[in-house]
Protein chains: 2
Amino acid sequence: MTTRGGKRTGAGRPQGTNYYGEPTKPVRIPVSKIDRVLRFVREREDAVPIYGHAVPAGFPSPADDYAEGVLDLNTHLVREPTATFFVRARGDSMIGAGIHDGDLLVVDRSLEAINGKVVIVSINGELTVKRFRRSKGRTWLMPENPDYPPIDFQEQDDTHLWGVVTNVVHSL
Amino acid sequence: MTTRGGKRTGAGRPQGTNYYGEPTKPVRIPVSKIDRVLRFVREREDAVPIYGHAVPAGFPSPADDYAEGVLDLNTHLVREPTATFFVRARGDSMIGAGIHDGDLLVVDRSLEAINGKVVIVSINGELTVKRFRRSKGRTWLMPENPDYPPIDFQEQDDTHLWGVVTNVVHSL
DNA sequence: AATTTGAATAATGTTACAATATTCAAAAAA
DNA sequence: TTTTTTGAATATTGTAACATTATTCAAATT
């Protein structure tokens, strides 16, 4: 039996050479979400590269460097998670604001409805999206389509202002 | 020493009464992401409630039941994470397709550019968004704004088709 | 009939461990 | 001498195991 020498100072795998470059700890995850979580921690699933108008050389990869970096849609579009909800738009009364039938509206309930903002209100149990306009002490809900009339708005039992629309997601 | 009886059939914490309602398993997570992961699995951070047009009674909470359930923007808008990138739109040549100056375009490179799709192409080092149109063996890039002319498109050294636009995110 | 108490059993956070990966340097080979 | 091989050294990694906690049941007690 041959020996091949004794102490090797500095031998062995160096610390910090793991996949993430930082220590890990076991965390219990519900089985249905393990895949999703692993994709997030390992492949930065939610970090999608974003470009301006210069053309990158190869195909974009989040690992590369980009002028405008990467973007996570949830973080970008949902500033206040607990105060945010989505509404699907119906009709074309707000076509002038870039809101089309079927678009997904991101609504932030924590924002104040100030003059000129696009808001979601319920009137007689129906949700509607209009531009919020104050004038001479009165409040109007303005469509952005000449085929529709303005609505004289006053908060009552059957009306409620739900929040301010921050983004419109349109599918092609 | 008093005894208080023997076998209790059915005693003990019932199976399935954990926080998630399903089994869990330990998964190693890099320490810097543990908070984010726990928020995701425990509070469904990325699950935002979505409504149709009926008005819910109280303020939406992901824990409640909703007619249309909840929605995670990343999952909803980014079907192929490794083939997706974002481009910020410039100009108003595609205003007819609901694409405004400054909008964020979600581009899927794994989709085939078929007739009628909105695509991202680079021409002379500039990215542009147009509708892809095939006619009589030729390919045209069509703007959706009468102020702009169609572009006769042929893939060459200085032109490249980058992908198909699946969604437009418009900020208000 | 209501309350107390210990048994029964699952959930949960963390430790432990075996298997794997990576690096070093002595020994062997070229 | 230079290159290759080989085992030692040590960190990583997935998961089993464990101790603690939480929850439920029903006998014993009030």
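Proteins get letters first, then strands, A, B, ... in listed order; numbering begins at 1 in each.
Of the candidates dA11(C), dT12(D), dC17(C), the closest approach to any side-chain atom of Q15(A) belongs to dT12(D).
Both R28(B) and R28(A) sit near DNA chain C, but only R28(A) has its closest nucleotide nearer the 5' end.
One can place CG of L38(B) at 12 Å from C1' of dT12(C), the figure rounded to the nearest angstrom. The distance from atom OH of Y19(A) to atom C1' of dG14(D) is 16 Å, rounded to the nearest whole Å. Residue N18(A) contributes atom CG, which lies 5 Å from atom P of dT12(D) at whole-angstrom precision. If you take NZ of K25(B) and P of dT12(C), they are 16 Å apart, rounded to a whole angstrom. dG14(D) atom C1' lies 11 Å from atom OH of Y20(A), rounded to whole Å.
Listed by chain and residue number, T139(B) satisfy the side-chain hydrogen bond (donor to acceptor under 3.5 Å, both in side chains) test with R134(B) (two or more places apart in sequence, or in another chain).
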Please list, pair by pair, any protein nitrogen or oxygen found under 3.5 Å from a nitrogen or oxygen in nucleotides 20-24 of chain D.
| unit_1 | atom_1 | unit_2 | atom_2 | d |
| --- | --- | --- | --- | --- |
| dT23(D) | O2 | R13(B) | N | 3.2 |
| dT24(D) | O2 | G12(B) | N | 3.1 |

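Grouped by direct or indirect side-chain proximity (heavy atoms under 4.5 Å, Ile/Leu/Val/Met/Phe/Trp/Tyr only), W140(A) sits with M142(A).
To the nearest 0.5 angstrom, E22(B) atom CD is 10.5 Å from I29(A) atom CD1. If you take CZ on R88(B) and CG on D101(B), they are separated by 10.0 Å, rounding to the nearest 0.5 Å.
Grouping the Ile, Leu, Val, Met, Phe, Trp and Tyr side chains by contacts below 4.5 angstrom, directly or via other members, places L172(B) with W162(A).
Under the 4.5 Å side-chain criterion, counting only non-hydrogen atoms from C-beta, I95(B) is in contact with H100(B).
Nucleic acid contact for P26(A): base, since at least one base atom lies under 4.0 Å from a heavy atom of the residue.
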